[in-house]
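All residue numbers in this chain count up from 1 along the given sequence. Read the numbers this way: they start at 1 and go in the same order the structure lists the ligands and their atoms.
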Amino acid sequence: MMTREVIQNEEARLNALRDLHLLDTPPSESFDRITRLASRLFQSPVSTISLTDRDRQWFKSRVGVDLAEIPRAEAPCTYAVQSADVFVVPDMMEDPRFRDSLLARAGIRFYAGAPLITRAGYGLGTLCIIDDKPRGLDKEERTVLADLAAMVMSQIELQNAFGSIDATSGHANENQLFEDIEDLGGRHPGAPLLAVLVEFASLAQVSNGQRVLGAAYAEAFVREATGRIRTLIGNSKRLYHVGQARCVVLDGPLAPKETLAGVHSWQETVDTIADGLRDPILCEGVPLAPEVVFGVYAFPAGEAAPRDVLRRLFNAAADARGSAAPVAAYDESQDLAHQRRFRLLNDIREALAGSDQLRLAYQPRIDMTTGRIVGVEALLRWHHPKIGDVGPAEFIPLVDDTAYSDLLTDWVLATGIAQRAAWRDMDPDCRLSINISAKNLQAPDFSSRLVQMLDQHGLSPTAIELELTEGGLLTRSPCTLAVMSALKQSGVAISIDDFGTGYSSLSYLQSLPIDLIKIDRSFITDLETCLHDQKLVRAVINMAHDLGYRVVAEGVETPGAFDLLQAWGCDEAQGYYIACPLSVDEMASWTVARRTLQRSA
Ligand code: C2E
Ligand code: MG
Ligand code: MG
């Protein structure tokens, strides 16, 4: 017999019931087995596992009854769920509490229910047997019914322990979210659902908290925050803890009149949670103000795969984190962009391993005084088998943030150097320019590996120039500097690409071992008409010369711009006016044509 005390707090009881995510779930053989057994043991025509919701008794399992639920008022289960003991009504017609009840009017006479009580002491419902004849239940039979109820509770606990509850917070986890979205899709196809992701701490806040105060502190913070959110949303919405400092509130199916935009209902949910999380959370005596952002996604049940729902919520919350507003709704165009980025990153590895997707284009650079070709820049081209051509301005920044950055640079160096060696009749002073990421210089052996590669092709380090963007060098490390010095010493030239787009000054760059400055093409494009750009470009040319650097103008597209730059003493030029990026074959014909032109000049 159970002797445990039952907590009599109806709201908390309902929360505990909802957190188990049993209501309105499909029938399950593990529960049906127990009701069948009860019915047979007690020779009763009806047996149910009945959960006591706010105003209904919902049957998780039932034998001998067609209804899925009955109103809670007048149901004997309401009494049974409030006590720790088996509750028996030998004859409803004799009991003034039930004489006029729905069950009695339907011909039911006998009821016996054993409460289903959680470890924490909440009554969830009952395992009950019902008969159309009055009868009693002896002590032995009461024990058997209570034992069967305990088996139901073990089954409920087992289900929850089996990967659907988060161990830290005690709330349902993402597995349960996926299952519930799937289930709602099956039972209410097309009905509007609203999901709100609450990210109650930024990554920095979590990791700082853990570093300074320890893991126990972070767990206490998460428990307190999720507990607060659970209370704030009320018990008609479901809560899932889906990441260290993230949870999802799922609402629905919403009334069909609520449009998918769901503006009204999500605003209310977000405001309630934002208000409730405004006060700092006290963790082990330290007050911490949650840094909350929300991602919102409204969708028709059954029309989005559960994992996509969560990914879209994450993306929306990430958009909110990166903007001034604390809430962002899922945006399909943003999502497509995220997916494209993800796909490109995923596929670049295969491109680097194969031989048919990547190639280099070569763009010549000339000396503005002599007109001679003094350099060729290698520019990476990617033809994706499904997407088509993808420009380096799109995929290089993605790769730069990952470990593929070194692999990519190795590919470009190997391909470019082999090509430079193949151009046997090219002027030995003509350098092949290769764009690298500042991150590549964090490998201490970068310089020695490069020199070795050149050696294998019988090339001197003076055949190569490396282009580094100004922005990438802003966070230089001692290793970066050491590698740059080693490169310079070996004879490899180093240039600063896209100069003017970062925030460094020439004097800052002076501390770096560089040879050349490439003025970004954004200052050259409108050079003929923009006085501001004219002043700036002239000043850069003069200052760079004072500091001993050569200057290259990128993106020279017109004879007018070329003439201005030449008049101001710019050393070299690159751009469509001279040549576009060319294939190896095009380079050959361009070189021949250029030489002919020069001879005849
Ligand atoms: P960048 O190094 O500044 O390269 C110059 C870019 O300007 C190239 O774009 C080139 O095609 C384009 N361009 C050249 N002349 C003109 C012109 O007269 N007018 C205009 N409007 N554009 C001109 P692309 O090839 O799309 O490359 C974009 C950027 O991607 C490069 O800028 C470079 O930062 C990066 N990149 C390209 N290949 C590689 C590579 O192999 N490794 C690394 N790390 N980055 C690369
Ligand atoms: Mg470049
Ligand atoms: Mg550039």
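A salt bridge is absent between Asp515 and Arg431: the closest approach of a Lys/Arg side-chain nitrogen to an acidic carboxylate oxygen does not fall below 4.0 angstrom. Between Glu377 and Arg365, no side-chain nitrogen of the basic residue sits less than 4.0 Å from a carboxylate oxygen of the acidic one, so the salt-bridge criterion is not met. Salt-bridge check for Arg381 with Asp389: failed, with every basic side-chain N at 4.0 Å or more from each acidic carboxylate O. Taking a cutoff of 4.0 Å between a charged side-chain nitrogen and a carboxylate oxygen, Lys439 and Asp406 do not qualify as a salt bridge.
Residue-to-ligand polar distances place Gln363 within reach of ligand 1: an N/O pair is separated by less than 3.5 Å. Distances between N or O atoms of Glu557 and those of ligand 1 include at least one value under 3.5 Å. Inclusion of Leu408 in the set of residues having an N or O under 3.5 Å from an N or O of ligand 1 is not warranted. Considering backbone and side-chain N/O of Gln574, none are found under 3.5 Å from N/O of ligand 1.
Proximity to Gly575 (heavy-atom distance under 4.0 Å) selects the following atoms of ligand 1: 15 (N), 18 (O). Every atom of ligand 1 is numbered from 1 in the order shown, and the set under 4.0 Å from a heavy atom of Glu554 is 3 (O). Per-residue contacts place Gly555 under 4.0 angstrom from the following atoms of ligand 1 (heavy atoms of the residue considered): 16 (C), 17 (C), 18 (O). Within the listing of ligand 1, atoms 41 (O) sit less than 4.0 angstrom from a heavy atom of Val412. Heavy-atom contacts of Pro581 reach the following atoms of ligand 1: 11 (O) (cutoff under 4.0 Å).
Note on Glu554: counted as a metal contact of the Mg ion (ligand 3), an N/O/S atom lying under 2.8 Å. Metal site remark for the Mg ion (ligand 3): Glu467 contributes no N, O or S atom at a distance under 2.8 Å. The nearest N, O or S atom of Asp498 is not closer to the Mg ion (ligand 2) than 2.8 Å. The Mg ion (ligand 2) has no N, O or S atom of Ser433 inside 2.8 Å of it.
Among protein heavy atoms, atom 46 (C) of ligand 1 sits closest to Asn435 CB, 3.6 Å. Scanning all protein heavy atoms for the shortest distance to atom 18 (O) of ligand 1 gives Tyr576 N, 2.8 Å. With respect to atom 36 (N) of ligand 1, the closest heavy atom belonging to the protein is Pro392 CB, 3.9 Å. In this structure, the protein non-hydrogen atom closest to atom 4 (O) of ligand 1 is Leu379 CD2, 3.5 Å. Looking only at protein heavy atoms, the nearest one to atom 38 (N) of ligand 1 is Leu380 N, 3.1 Å. Protein heavy atom at the shortest distance from atom 32 (O) of ligand 1 is Asp497 OD2, 4.5 Å. In terms of protein heavy-atom proximity, atom 9 (O) of ligand 1 is nearest to Arg521 NH1, 4.3 Å.
At a threshold of 4.5 Å between non-hydrogen side-chain atoms, the residues Val296 and Trp266 count as touching. Within the 4.5 Å cutoff, the side chain of Tyr362 has heavy atoms near those of the Leu432 side chain. A heavy-atom distance below 4.5 Å is found between the side chains of Cys247 and Phe200.
In this structure, the separation between CD on Glu465 and NZ on Lys518 is 6.5 Å, given to the nearest 0.5 Å. Within the model, atoms CG of Asp498 and CD1 of Ile517 stand 11.5 Å from one another, a figure rounded to the nearest 0.5 Å.
For the residue pair Asn440/Thr409, the side-chain donor-acceptor check at 3.5 Å is satisfied.
What you find for Leu358 and Ala351 is that their closest heavy atoms are CD1-O, 3.9 Å. Looking at every heavy atom in both residues, Ser433 comes nearest to Glu467 through OG-OE2, 3.2 Å.
Contacts between Leu360 and ligand 1, counted as non-hydrogen atom pairs separated by less than 4.0 Å, are absent for every part of the residue. The proximity of Glu394 to ligand 1, defined as any non-hydrogen pair under 4.0 Å, does not occur for either the backbone or the side chain. Under 4.0 angstrom from ligand 1, the non-hydrogen atoms of Ile396 all belong to its side chain. With a heavy-atom cut-off of 4.0 Å, Lys518 does not touch ligand 1 at all. Using a 4.0 Å cut-off between heavy atoms, Ile434 makes no contact with ligand 1 at all.
For the Mg ion (ligand 2), the nearest N, O or S atom contributed by Asp497 is named OD2. The atom of Glu377 nearest to the Mg ion (ligand 2) is OE2, with the search restricted to N, O or S atoms.
Atom 26 (O) of ligand 1 is approached by the protein to below 4.0 angstrom, counting heavy atoms only.
Ring pair Trp382/His384 is tilted by interplanar angle, where 30° to 60° counts as tilted.
Around atom CZ of Arg449, more than 12 heavy atoms belonging to other residues, nucleotides or ligands sit under 6.0 Å away.
Relative to the six-membered ring of Tyr330, Arg311 misses at least one condition, a distance below 6.0 Å or an angle of at most 45° to the axis.
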Given the rule in the side chain to side chain donor-acceptor pair (under 3.5 Å) test, do Thr480 and Gln442 qualify, once you have shown the distances and angles that lead to the verdict?
-> CA-CA 5 Å; Thr480 315; Gln442 277 163 18; 4.8 Å; no

